[in-house]
Amino acid sequence: MNLTNSLLIKLRGNSITTSFLLHSNFSTNRSMLHKITNLNHALNLFDEMSQRRPLPSVVKFTQLLHLVTKMKHFSSSLHLFNQMCSLGVPVNEYSMSIAIKCCCQLHRTKDGFALLGSCFRRAIPPNVYIFSALIDGLVLEDRILDAEMLFKKLIKQKLCEPNVVMYNTMIKGLCKFSNNVTALALLRLMEQTNCKPDIFTYSTIIDSLCKDKLIDDAFKLFKEIVCNKSILPDVITYTSLICGLCKFGHWDEASKMLKQMEDENISPNVHTFNVLVDAFCKEGKVEEAEAIINIMIDRGKVPNIVTYNSLIDGYCLRGEMIKAREIFYSITLRGLVPGVVTYNSLLNGYCKNLNIEKAVQMFHEMTGKGLKPNVVTYNTMIQGFFRVGRFVDARKLFDEMHAQGQNPDQYTYRIVLEGLCNNHQVEEALSLFHLMGDSKLNSDIVVYNILINGVGKCGKVDIARVLFQGLIDKGLQPDVRTYNVMISGFCREGQLGEAKLLFLKMEESGCPPDDVTYRVLLQGYLKNRHYDDVEMLLQEMDDRGYSLDASTLSLFIDHIAAGLLDRSMLKLLGKLVPKELLNDPRLCDWE
DNA sequence: ATAGGGTTAG
């Protein structure tokens with residue numbers, strides 16, 4: 001054994017593989033590559049291969065490069081590519097497409113394009129593999145317009161013949177930005193060419209439609225493939241549809257789909273079951289989730305870490321932290337490893353249940369285990385600190401987040417603004433907002449809703465008005481919440497006329513009022529002893545099938561008891577009381 | 001005889 005090899009053993013600590021490599025006559029055939037199961041194996045093999053004389057063929061090196069890429073070790077793969085280059089292994093379109101893919105997946109599409117430049121210098125004609133990787137990279141960096149431009153340019157200038165994968169990559173990008181219309185148009189375009197859409201094309205769009213709650217459109221597309229019969233739906237297609245149904249709480253239809261797929265001889269996989277488990281847990285229906293887990297085990301599928309992460313979420317949502325913790329500790333016993341997502345779920349649970357001390361303890365436990373907190377972790381903790389009024393600690397963590405190289409995202413910004421508003425620091429929130437200027441973060445309707453709500457709550461309805469006009473000027477669309485917080489602000493200041501005007505504007509702006517709008521407006525009217533429209537509003541609520549919440553109802557009872565409102569209103573009110581409130585003892589004696 | 005695509009976390 002030479003010095004280099006013994007050093008390798010020490011460095012990479014995998015003597016079994018290395019000795020195996022040394023005693024196998026250095027062959028790098030397919031069966032050899034099969035035995036590579038982790039990065040160390042692959043790196044050891046690469047080192048060994050590069051010492052052989054003559055050097056193994058480009059093909060062997062590329063196979064290994066591919067393997068490392070498939071393990072998602074993109075930066076290692078890029079490093080090996082560079083080493084291959086310095087060894088003098090000739091670069092071809094195969095290794096080049098892998099290298100470009102790696103750059104793109106590392107969010108370094110710029111470097112991918114630099115490699116594209118070197119393709120031209122090396123007389124390697126870039127092909128559809130390379131261009132697809134670049135389009136994918138642009139999409140990954142949210143540069144959808146650049147991706148579209150490149151895609152169109154390639155077709156127009158006939159720089160490469162697009163194939164189904166390239167179309168699918170572009171369609172995936174469009175779907176990422178909810179541009180289902182263009183995605184569908186591309187699918188129709190494909191039908192006109194000899195590059196027919198496949199199950200990937202359909203699944204991508206079906207999934208996107210489900211995510212955008214366009215479940216009927218998703219099923220229309222699904223029926224198309226079922227009738228067509230030339231493309232068969234697979235487990236992923238079904239899983240996406242089941243996921244869409246679950247998000248709507250259409251449990252019966254979801255279980256019908258599960259049955260239907262099994263009738264078609266498509267077995268649901270762990271992912272399919274996880275979608276169901278997750279949907280139940282998000283509704284706090286942990287019993288149902290546990291039942292699904294049992295079915296999954298009966299079918300011979302082993303629940304994985306994702307399954308348990310959902311279950312933890314479910315128990316946290318119900319505030320059953322002891323149970324959540326129990327699941328958390330059972331993970332290790334099952335031979336699974338809790339990841340950042342697992343910790344994030346539990347941290348979220350502790351924060352939402354206002355046990356910030358426990359959250360802090362778990363946060364330290366996670367970093368102690370070498371897990372790197374991500375942006376979700378920081379957002380969760382920052383929100384947790386704000387919730388209990390510890391805004392100084394929130395600020396500290398926000399700074400630490402920067403220091404740890406985790407870039408705040410749109411959620412961080414929302415959390416900080418909301419946290420400041422709720423901690424009586426509206427001025428601070430406003431100056432942060434102004435500091436951000438016209439950035440992308442400030443083109444978020446949720447941010448406006450938070451601020452309008454914040455300023456409204458401290459009576460600064462004039463500032464709310466300016467903010468509202470500002471978002472309109474920016475071309476942003478106010479949503480129901482925007483209107484609700486504005487109306488609430490007006491009501492609080494007794495500006496009922498303004499409130500009513502905005503309320504009437506909702507319908508004509510294509511944003512019909514929801515139950516909250518009615519509750520806010522009714523409370524405003526009652527508190528200001530302005531009863532003219534009350535009966536009409538209650539009637540409208542009934543027509544729309546809305547119900548009253550406990551606090552509005554209680555306000556009504558007070559007003560009736562004080563003789564301010566006529567008892568004839570009771571009948572209408574009775575219709576608007578949801579079943580859960582009917583058991584309220586205070587309501588028993590007013591019939 | 002070496003490259004590419006679709007389903008789950010705040």
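Naming: A, B, ... by sequence-line order, numbering from 1 per chain.
A stacking contact links A:Tyr129 to B:dA3: the aromatic ring centre lies within less than 5.5 Å of the base's six-membered ring centre, and the planes differ by less than 30°.
Counting atom types as modelled, A:Thr204 pairs no side-chain N or O with a base atom of B:dG6 as donor and acceptor under 3.5 Å. Interface remark: the A:Asn163 side chain does form a donor-acceptor pair with the B:dG4 base, using a distance-only criterion of under 3.5 Å. Under 3.5 Å, the side chain of A:Asp198 and the base of B:dG6 form no donor-acceptor pair of N or O atoms. For B:dA3, the base has no donor-acceptor partner in the side chain of A:Asn92 [N/O atoms by modelled type, under 3.5 angstrom]. For a distance-only test at 3.5 Å, the side chain of A:Thr62 qualifies as a donor-acceptor partner of the base of B:dT2. Remark: the A:His271 side chain and the B:dT7 base include a donor-acceptor N/O pair separated by less than 3.5 Å.
In this structure, A:His66 reaches the B:dA3 phosphate: one of its side-chain N or O atoms is under 4.0 Å from OP1 or OP2. Distances shorter than 4.0 Å separate none of the side-chain N or O atoms of A:Lys101 from OP1 or OP2 on B:dG4.
One can place CE of A:Met166 at 17 Å from C1' of B:dG6, the figure rounded to the nearest angstrom. Summarising the geometry, the separation between CG on A:Leu336 and P on B:dA9 is reported as 19 Å, rounded to the nearest angstrom. Rounded to an integer number of Å, the gap from A:Ile236 CD1 to B:dT8 P is 10 Å. Protein atom CZ of A:Phe131 is 14 Å distant from nucleotide atom C1' of B:dG4, rounded to whole Å. The nearest whole Å value for the distance from the CZ atom in A:Phe222 to the P atom in B:dT7 is 17 Å. Atom-to-atom, NZ of A:Lys72 to P of B:dG4 comes out at 11 Å; the value is rounded to the nearest Å. What separates OH of A:Tyr308 from P of B:dT8 is a distance of 21 Å, to the nearest Å. Across the protein-nucleic acid pair, A:Glu93 atom CD and B:dA3 atom P stand 12 Å apart, rounded to whole Å.
The A:Val59 side chain lies nearest to B:dT2 when the options are B:dG4, B:dT2, B:dT8. In this structure, of B:dT7, B:dT2, B:dA9, it is B:dA9 that holds the atom nearest to the side chain of A:Lys282. The listed nucleotides are B:dT7, B:dA9, B:dG6; the one nearest the side chain of A:Val341 is B:dA9.
For the residue pair A:Asn309 / A:Thr342, a side-chain donor-acceptor distance below 3.5 Å is found, with atom types taken as modelled.
Of the charged side-chain nitrogens involved, none lies within less than 4.0 Å of a carboxylate oxygen, so that A:Asp136 and A:Lys101 do not count as a salt-bridged pair. Electrostatic pairing of A:Asp207 and A:Lys211 counts as a salt bridge here, judged by a charged N lying under 4.0 Å from a carboxylate O. Electrostatic pairing of A:Arg414 and A:Glu418 does not count as a salt bridge here, judged by no charged N lying under 4.0 Å from a carboxylate O. The pair A:Glu262-A:Lys259 fails the salt-bridge criterion, with no side-chain N (NZ, NE, NH1 or NH2) lying under 4.0 Å from an Asp/Glu carboxylate O.
Within 4.0 Å of A:Asn374, counting heavy atoms only, lies at least one base atom of the nucleic acid. Residue contacts shown for A:Asn274 include a base, since a base heavy atom lies under 4.0 Å away. Counting any heavy atom pair closer than 4.0 Å across all strands shown, A:Lys176 reaches no nucleic acid atom. Within 4.0 Å of A:Ile199, counting heavy atoms only, lies at least one base atom of the nucleic acid. Among the protein residues, A:Val275 comes within range of no part of the nucleic acid, since none of its heavy atoms lies under 4.0 Å from any strand. Using a 4.0 Å heavy-atom distance criterion, A:Ser240 is classed as a sugar-phosphate-only contact. Residue A:Val277 is out of contact with every strand shown, counting any heavy-atom pair closer than 4.0 Å. Using a 4.0 Å heavy-atom cutoff across all strands shown, A:Thr237 reaches at least one base atom of the nucleic acid. A:Val164 comes within contact range of at least one nucleobase, with a heavy-atom separation under 4.0 Å. Note on A:Lys211: only backbone sugar-phosphate atoms sit closer than 4.0 angstrom, heavy atoms only; bases stay farther off. A:Asn127 comes within 4.0 angstrom of a nucleotide base, judged by non-hydrogen atoms across all strands.
A:Ser57 contributes a side-chain N or O that, together with a main-chain N or O of A:Lys60, makes up a donor-acceptor pair within less than 3.5 Å.
Each of A:Ile215, A:Leu245, A:Ile242 was scored for a side-chain contact (heavy atoms from CB on, under 4.5 Å) with A:Glu253, with one residue passing: A:Leu245.
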